[in-house]
Amino acid sequence: MTMGDLILGLLVALGFFVSAAVSRIFRGRMAGIFIGGVTGLAVSVFILVYGLTDVFSIAAPAAEN
């Protein structure tokens, strides 16, 4: 496990804290849960999509005739 893997894991876990912070902004219980949850998931997915290409070398698919 490299330092990049550890940092990527911490950044993905950051999505939970973003979710909690956003849910505290909204006073309505259900609005906070839904908007906070969606925001937290969006942050985690954003970090995974753009972080995995930097941490792991992903080979381009070979196009054969």
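For reference, positions follow the sequence shown, starting with 1.
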(message) Between S44 (side chain only) and L41 (backbone N and O only), is there a donor and an acceptor less than 3.5 Å apart?
(response) no
(message) Among residues at least two apart in sequence or on other chains, which ones pass side chain to side chain contact (heavy atoms under 4.5 Å, CB included) with V45?
(response) V49
(request) Mind checking the CD1-OG spacing from I35 to S19? Nearest 0.5 Å is all I need. (result) 11.0 Å
Please table the atom pairs, donor to acceptor, closer than 3.5 Å between any side-chain atom in residues 6-18 and protein atoms at least two apart or in another chain.
none

(request) State which residues pass ring pair (Phe, Tyr, Trp, His ring centres under 6.0 Å) with F34; sequence neighbours excluded, sorted by chain then number. (result) none
